[in-house]
K.L.:
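Just passing along the structure, written as structure tokens.
By convention here, the first residue in the shown sequence is residue 1. The figures here come from the full heavy-atom set of this structure, side chains too, leaving out hydrogens, waters and symmetry mates.
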Amino acid sequence: MDTLLNAEEREFAQQMRQFYRTEIPEELRLKVATGQELSKEDMVTSQRILNEHGYAVPNWPVEWGGQDWTPVQRHIWLEEMQLACVPQPLPFNVSMVGPVIATFGSQEIKERFLPATANIDIWWSQGFSEPNAGSDLASLKTTAVRQGDKYIVNGQKTWTTLGQYGDWIFNLVRTDPDVKKQAGISFLLIDMKTPGVTVRPIQLIDGGHEVNEIFFDNVEVPVENLVGEENKGWTYAKFLLGNERTGIARIGGSKVNLARAKAYAAVTKTARGTLLDDPLFSARLTKIEAELTALEMTQLRILSTQAAGSDKPDPRSSVLKLKGSQLQEDISELLVDVLGPQGLDFVSDRVQGQGLSDLPNGAVDALPGYFNTRKVTIYGGSSEVQRGIISKALLGL
């Protein structure tokens with residue numbers, strides 16, 4: 001990446017590199033590097049260290065803990081974090097509800113929620129998708145009917161990632177059923193300890209419990225928990241999803257996983273020497289590396305032209321989401337193919353080596369990661385949705 005940056009940006013990248021490798025506990029970074037599952041405590045520990053040094057929420061306004069950085073510097077902050085295998089700050093807090101509250105919330109809501117959100121004193125869950133409203137999110141059915149100084153919420157959300165840890169959930173709810181579907185949605189904050197809120201786990205194909213169903217049965221929510229204006233939630237949701245898609249390309253994480261695949265390939269014997277000497281494998285690897293480099297250049301080009309502080313979603317972020325998702329899946333498939341039968345040996349508590357240089361015989365997350373990564377072309381807006389945005393907003397079709 002350094003060759004794509006100017007001198008000031010290279011110095012900033014080195015500063016981030018040094019910080020991540022000295023301030024974040026090595027045992028946490030090793031877990032990420034070797035594909036081990038992070039606990040809630042691991043994620044909280046890492047984010048609080050970042051927040052203590054002013055690096056948890058750089059995309060927020062400075063008055064609420066943000067940094068006066070350029071879009072490229074914010075990209076470097078995230079890229080170097082991923083390359084150092086540092087657990088990322090909880091995206092529901094940092095990239096989703098935090099920026100929405102900071103941009104559209106009242107002063108009271110900002111003071112009430114933003115400091116706790118940055119320090120992960122509140123673990124936020126996302127209440128967007130529903131059983132019949134995923135990619136077509138505007139068709140959501142969860143209702144919030146106002147009765148005096150409270151809303152009565154009924155409905156169901158699904159695919160709520162890490163909802164089992166949630167303290168609060170930011171919800172898109174229908175507050176006006178008699179207007180165009182996008183126009184009758186509001187953005188409501190709900191305490192998950194409120195009577196009537198039920199969390200039910202969903203077992204995934206990788207064997208884990210990462211997502212949940214959330215049910216709301218006559219849940220009473222104070223009116224002051226409304227963010228912004230009633231029936232303006234769709235505007236806030238589009239703003240949130242634009243932020244989500246910019247970082248969702250996960251270029252740094254893809255680089256790390258690609259390096260792991262190459263390291264395993266380098267010690268996999270074949271008739272020609274190692275798997276890296278196989279021309280078909282080499283061509284496949286080179287193609288992925290070239291596409292990953294092109295994606296990074298595209299992201300830097302987009303970031304360099306973004307207006308700082310704009311509250312409008314950039315439709316070009318759909319290009320990053322679309323291609324970044326494809327590459328994450330390609331790399332997960334590559335890792336499984338490199339490991340072959342060894343990739344079947346995934347026991348979550350298996351003993352790992354002390355670093356990638358030890359090159360263990362298998363990877364804890366090879367097949368689980370492969371199965372889990374099937375979702376990346378769906379969440380945050382499916383690839384089909386991204387192609388629609390690109391065709392309309394960028395190509396004018």
K.L.:
Counting distance only, does the side-chain N/O of Asn212 pair as donor-acceptor with the main-chain N or O of Thr160 below 3.5 Å?
P.N.:
yes
K.L.:
Could you check whether any side-chain N or O of Glu130 sits under 3.5 Å from a backbone N or O of Lys141, counting only pairs where one atom can act as donor and the other as acceptor?
P.N.:
yes
K.L.:
Between the side chains of Ser39 and Asp42, does any donor sit under 3.5 Å from an acceptor?
P.N.:
yes
K.L.:
Going hydrophobic residue to hydrophobic residue with side-chain gaps under 4.5 angstrom, can you get from Ile190 over to Leu137?
P.N.:
no
K.L.:
Is the distance between the ring centroids of Trp124 and Phe113 under 6.0 Å?
P.N.:
yes
K.L.:
Is the distance from the ring center of Phe12 to that of Trp69 below 6.0 Å?
P.N.:
yes
K.L.:
Is there a donor-acceptor contact under 3.5 Å from the side chain of Thr194 to the main chain of Asp191?
P.N.:
yes
K.L.:
Is a side-chain donor-acceptor pair under 3.5 Å present for Tyr151 with Glu230?
P.N.:
yes
K.L.:
Is it the case that the side chain of Gln47 and the backbone of Ala118 share a donor-acceptor pair, with hydrogens and angles ignored and the cut-off at 3.5 Å?
P.N.:
yes
K.L.:
Are Gln88 and Gln82 close enough that a side-chain donor and a side-chain acceptor fall under 3.5 Å?
P.N.:
yes
K.L.:
With a 4.0 Å cut-off, would you call Lys255 and Glu79 a salt bridge?
P.N.:
yes
K.L.:
Taking the side chain from Asn154 and the backbone from Thr143, do they hold a donor-acceptor pair closer than 3.5 Å?
P.N.:
no
K.L.:
Any salt bridge between Glu224 and Lys150, counting N to O under 4.0 Å?
P.N.:
no
K.L.:
Pick one: which of Asp278, Leu280, Thr286 meets side-chain contact (heavy atoms from CB on, under 4.5 Å) with Ser282?
P.N.:
Thr286
K.L.:
Hey, does the Lys NZ or Arg CZ of Lys110 hover above the aromatic six-ring of Phe104, less than 6.0 Å from the centre and inside 45° of the axis?
P.N.:
no
K.L.:
Can you tell whether the side chains of Lys375 and Glu210 come within less than 4.0 Å, N to carboxylate O?
P.N.:
yes
K.L.:
Check the pair Ser186 / Thr175 against side-chain hydrogen bond (donor to acceptor under 3.5 Å, both in side chains), numbers first and verdict last.
P.N.:
CA-CA 6 Å; Ser186 297; Thr175 42; 2.6 Å; yes
K.L.:
So that I can tick it off, tell me whether Asp167 and Lys193 are bridged by a salt bridge, with the cut-off set at under 4.0 angstrom between side-chain N and carboxylate O.
P.N.:
no
K.L.:
Regarding Gln15 and Glu11, is there a side-chain donor-to-acceptor distance under 3.5 Å anywhere?
P.N.:
no
K.L.:
Regarding Gln203 and His209, is there a side-chain donor-to-acceptor distance under 3.5 Å anywhere?
P.N.:
no
K.L.:
For Lys287, is there an ion pair with Asp330 - N to carboxylate O distance below 4.0 angstrom?
P.N.:
no
K.L.:
Please tell me if the side chains of Ile251 and Leu78 come closer than 4.5 Å, counting only heavy atoms from C-beta onward.
P.N.:
no
K.L.:
Taking atom types as modelled, find out whether Asp136 and Ser139 have a side-chain donor-acceptor pair closer than 3.5 angstrom.
P.N.:
yes
K.L.:
Treating Arg374 as the side-chain partner and Tyr370 as the backbone partner, does any N or O pair qualify as donor plus acceptor under 3.5 Å?
P.N.:
yes
K.L.:
Salt bridge or not between Arg112 and Glu108? Use side-chain N to carboxylate O under 4.0 Å.
P.N.:
no
K.L.:
Is there a donor in the side chain of Ser317 and an acceptor in the side chain of Lys321, or the other way round, less than 3.5 Å apart?
P.N.:
no
K.L.:
If you measure from the Lys or Arg side-chain nitrogens to the Asp or Glu carboxylate oxygens, is any gap between Lys323 and Glu291 under 4.0 Å?
P.N.:
yes
K.L.:
Under a 3.5 Å threshold, yes or no: a donor from one side chain and an acceptor from the other, between Lys269 and Thr274?
P.N.:
no
K.L.:
Would you say Asn93's side chain and Ile122's backbone share a donor-acceptor pair under 3.5 angstrom?
P.N.:
yes
K.L.:
Would you say that Phe128 contacts Ile169 through its side chain, given a criterion of any heavy-atom pair below 4.5 Å between the two side chains?
P.N.:
no
